[in-house]
Structure formats: structure tokens, C-alpha cells
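A short write-up of the structure that comes next.
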Amino acid sequence: MADKQISLPGKLINGGIAGLIGVTCVFPIDLAKTRLQNQQNGQRMYTSMSDCLIKTIRSDGYFGMYRGAAVNLTLVTPEKAIKLAANDFFRHALSKDGKKLTLIKEMLAGCGAGTCQVIVTTPMEMLKIQLQDAGRLAAQKKLMANQAGLNGAAVEANTVRPTAMAISKELLRSKGIAGLYKGLGATILRDVPFSIIYFPLFANLNKLGQKTPDEKAPFFVSFLAGCAAGSTAAVAVNPCDVIKTRLQSLQRGVNEDTYSGIIDCTRKIWRSEGPLAFFKGAYCRALVIAPLFGIAQVVYFIGIGEYILSFLPSRHD
């Protein structure tokens, strides 16, 4: 693709801005996805995404839907910057004399991008999941207390909600830096295939809107291509996302399974909940990823980062 080259700082700024805008827009749906994926048979607190969001607003208010958002907003800038910049870097490294990349090379570039991003993604997801799922566990305790004839509201009120800082300190104290990287293998299994599917699919869909190889695709084409490629890749790797979510959850509800690793988790989910359980929250994830990556690609292709850098003094001035 013969688009003009964007400097590395520009790529990082583009990725960061895209991530901040995207996460702000879709975080409540991501919270619903996490809670739906974590609930197991016999302990179902929510029947659907809308049911989850309505119950969350009733119990925690509007901002309850944004529990864990601070972690994402803090780390999504480096995460998205690394992902988009790494894919661009690998695409240029694999291209020769500006020739069109083959599908295999496009997939390799996506693989490289997905591998690089897990450095930030794993601890970010680790902390985010604990904060998002805390409300589900508190609601479960309240329900069980009411069923036992106790004051469920009092039980819920006395439940201590974790903070990202407290979780980080405890993990670092007890397990070191490895504690923040629990579920790293499952994160790689999700993010590498996602990038292998997403980036080549986006690049080829986006080309459909280019009148000539030297022109950028229109605004709406880049957005729709990002949405289509993102939602397709998200649903394709949802089984890995379910496994990752279960493995990274530190707290369990009553009578919920615990897991020792990827294989153990896969086996127990298949045996206890059936194969459809691997697609829990798939439509939520598609609704999260589609606009997230649509926005990301629009920001990236518009080149907001280069525009911002144009106002900064040059190193040669």
C-alpha cells in the first residue's frame, strides 16, 4: 500500500488517541462480556448483555459500568500504540521495493504485532477483569444471603471492592512480576490469531475503497473495514478469550470451578458447560471490538498524530 509514511511518534500518538476514544465508548459492553464469560452453570446472575447492564446500573449506578476503566484508559495507549505501530513496522520490513505483500506476509506481520502487544495487554487485562467481575461476585453474595434469610443488602455493603493498586501490590508481594502476567499463554493464544486474522482482512477490505493504489480509502471505508475485520476476528478467537478470562480471575463464586492451566480450563468448560460455553459473550466482544478498531483505523489513517507533531518544534530548529 502506497500510503505516505508516518513517523514512529505519529504512530504512537495515533494508537493512543484511538485507544482512549474507543475504550470510553465501548467499556460498558466489555464489562458485560467479562461477567457473562465468568458465570458458570448453576450460578447465572445475568441472562444477557442488556440484563447485565441494567442490573449493574441498579446496584452500582451509571458509573458502575465503568469499573476497571481507569486501568484500561491508562494502559490502552501503549497497548494500541504497540499493536498498530508493530504491524506497520513488520509490514514494511516484509515488503520489498514497495511491492504488494502476499497474504502469508500480511499474516506474519499481524502475528508479530499480536506477540508484541501482550507485554502490555496481559497485566492490563489481569487487573481489569478483577475490577469488572467484583460486581458479579458481590451480587451473587447478596442473592445467596437473601435465599438464606439474611440481609443481602448488608452483606453486599460490607463486601470490600478491590482496587487496581491493591491488587497490583498484593500480586507483586506474593508472586512478583509473574503475578501480573498470569494467563500470558492464553493471552498469546487469543491476541496472535486475532492479529493474524484482523490486519490482513482489514488491509484487503480497505483496499476496496481505494480508487488508485496511491490514494487513501475514504473515511467511512476505513471505519467499516475496521469494524468488519475486528468483529470477525473477535468472534473467531472468542473461545480463547473465555479461557483467558477464566484463568485470570483471582476470585471465584460459590461452587465455581478453579483451573490449573489452559488444558484443564478447556476440559472443565467442555465437560461442565458444553461447547457453546466457549462462545459466551461473543456478541458482546464483537460489539466492543468492531467500533474500537473502526475508530482506531480512522484515527490512524487520518494521521492525527502527524498533525499534533506538526505543532511541536523540530529537533533541527
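Positions are given from 1 along the sequence.
Distance SG/Cys116 to CD1/Ile82: 7.5 Å, rounded to 0.5 Å. Atom CG of residue Leu53 and atom CZ of residue Arg58 lie 12.0 Å apart, to the nearest 0.5 angstrom. With values rounded to the nearest 0.5 angstrom, Ser272 atom OG is found 11.5 Å from Arg267 atom CZ. Taken from SG in Cys25 to CG in Leu20, the straight-line distance is 11.0 Å, to the nearest 0.5 Å. For the atom pair Asn38 CG and Leu137 CG, the distance stands at 7.5 Å (nearest 0.5 Å). Remark: Lys105 NZ to Cys111 SG distance equals 15.5 Å, nearest 0.5 Å.
In this structure, a donor-acceptor pair under 3.5 Å is absent between the side chains of Thr34 and Asp133. There is a side-chain donor-acceptor pair under 3.5 Å between Gln132 and Asp30. For Arg67 and Thr56, the side-chain atoms include no donor-acceptor pair closer than 3.5 Å. Of the N and O atoms on the side chains of Thr121 and Glu125, not one donor lies less than 3.5 Å from an acceptor on the other residue. In this model, no donor atom of one side chain and acceptor atom of the other lie less than 3.5 Å apart for Gln210 and Glu215.
At a threshold of 4.0 Å, the pair Asp88-Arg91 does not count as salt-bridged, since none of the basic side-chain nitrogens sits closer than that to a carboxylate oxygen. Electrostatic pairing of Arg246 and Glu256 does not count as a salt bridge here, judged by no charged N lying under 4.0 Å from a carboxylate O. Lys268 and Asp257 are not joined by a salt bridge, as no carboxylate oxygen comes within less than 4.0 angstrom of a charged side-chain nitrogen.
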Pair Arg35-Met45, side-chain contact (heavy atoms from CB on, under 4.5 Å): steps then yes or no = CA-CA 9 Å; Arg35 293 185 178 182; Met45 296 298 303; over 6 Å; no
Would you check, one step at a time, whether the test side-chain contact (heavy atoms from CB on, under 4.5 Å) holds for Lys182 with Thr122?
-> CA-CA 8 Å; Lys182 182 180 180 182; Thr122 305; over 6 Å; no
Check the pair Tyr283 / Ser48 against side-chain contact (heavy atoms from CB on, under 4.5 Å), numbers first and verdict last.
-> CA-CA 10 Å; Tyr283 66 97; Ser48 64; 3.9 Å; yes
side-chain contact (heavy atoms from CB on, under 4.5 Å) between Phe89 and Leu94, worked out | CA-CA 9 Å; Phe89 170 80; Leu94 291 169; over 6 Å; no
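One hydrophobic cluster holds both Ile289 and Ile29 under the rule that ILVMFWY side chains link at heavy-atom gaps under 4.5 Å. Linking Ile, Leu, Val, Met, Phe, Trp and Tyr residues whenever their side-chain heavy atoms come within less than 4.5 Å places Val120 and Ile177 in a single cluster. Residues Val192 and Met124 share a single hydrophobic cluster, defined by chaining ILVMFWY side chains whose heavy atoms lie under 4.5 Å apart. With hydrophobic clusters built from ILVMFWY side chains whose heavy atoms lie under 4.5 angstrom apart, Leu31 does not share a cluster with Met49. Following chains of ILVMFWY side-chain contacts shorter than 4.5 Å, one cannot reach Leu287 starting from Phe279, and the two form parts of different hydrophobic clusters.
Checked by atom type and distance alone, the side chain of Asp264 pairs as donor or acceptor with a backbone atom of Ser260 at under 3.5 Å. With hydrogens and angles ignored, the 3.5 Å screen pairs a side-chain donor or acceptor of Tyr66 with a backbone N or O of Thr24. A donor-acceptor contact shorter than 3.5 Å is absent between the side chain of Gln130 and the backbone of Ala164. For the pair Gln117 (side chain) and Asp191 (backbone), a donor-acceptor distance under 3.5 Å is absent. Looking only at distances, no side-chain donor or acceptor of Tyr259 sits under 3.5 Å from a matching main-chain atom of Ile269.
Between Glu106 and the choices Leu201, Leu101, Ile196, Asn87, the side chain to side chain contact (heavy atoms under 4.5 Å, CB included) rule is met once, by Leu101. The side chain to side chain contact (heavy atoms under 4.5 Å, CB included) with Cys240 is formed by just one residue from the set Thr187, Leu189, Ile188; it is Leu189.
Residues Lys244 and Gly183 approach most closely at CG-O, 4.4 Å, considering heavy atoms. Pairing each heavy atom of Gly179 with each of Leu171, the nearest pair is O-CD1, 3.8 Å. Looking at every heavy atom in both residues, Phe194 comes nearest to Arg285 through CD1-NH2, 4.1 Å. When all heavy atoms of Leu131 and Pro162 are compared, the pair lying nearest together is CD2-O, 3.2 Å. Taking each heavy atom of Ala86 and Ala113 in turn, the nearest pair found is CB-CA, 3.8 Å. Nearest heavy atom pair, residue Ser195 against residue Gly110, reads CB-O, 2.8 Å.
The aromatic rings of Tyr198 and Phe202 lie parallel to each other, their planes meeting at an angle below 30°, with 60° marking the opposite boundary.
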Enumerate donor-acceptor pairs with a distance under 3.5 Å from any side-chain N or O in residues 217-239 to protein atoms, sequence neighbours excluded.
from	atom 1	to	atom 2	distance (Å)
Ser222	OG	Asn206	OD1	3.0
Ser231	OG	Cys227	O	3.0
Ser231	OG	Ala228	O	3.2
Thr232	OG1	Ala228	O	2.8
Asn238	ND2	Phe278	O	3.0
Asn238	ND2	Lys280	O	3.2

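Evaluation of the side-chain contact (heavy atoms from CB on, under 4.5 Å) rule for Thr163 yields Met165, Ala166 as partners, not counting sequence neighbours. With sequence neighbours left out, the ring-ring contact (aromatic ring centres under 6.0 Å, His included) criterion links Phe199 to no other residue.
The shortest side-chain heavy-atom distance between Met126 and Ile167 does not fall under the 4.5 Å cut-off. Considering only heavy atoms from C-beta on, Met65 stays 4.5 Å or farther from Phe27 through its side chain.
The environment of CD1 in Ile263 is sparse: at most 12 heavy-atom neighbours from other residues, nucleotides or ligands sit within 6.0 Å. Residue Gln251 qualifies as open at atom CD: its count of foreign heavy atoms under 6.0 Å is 12 or below.
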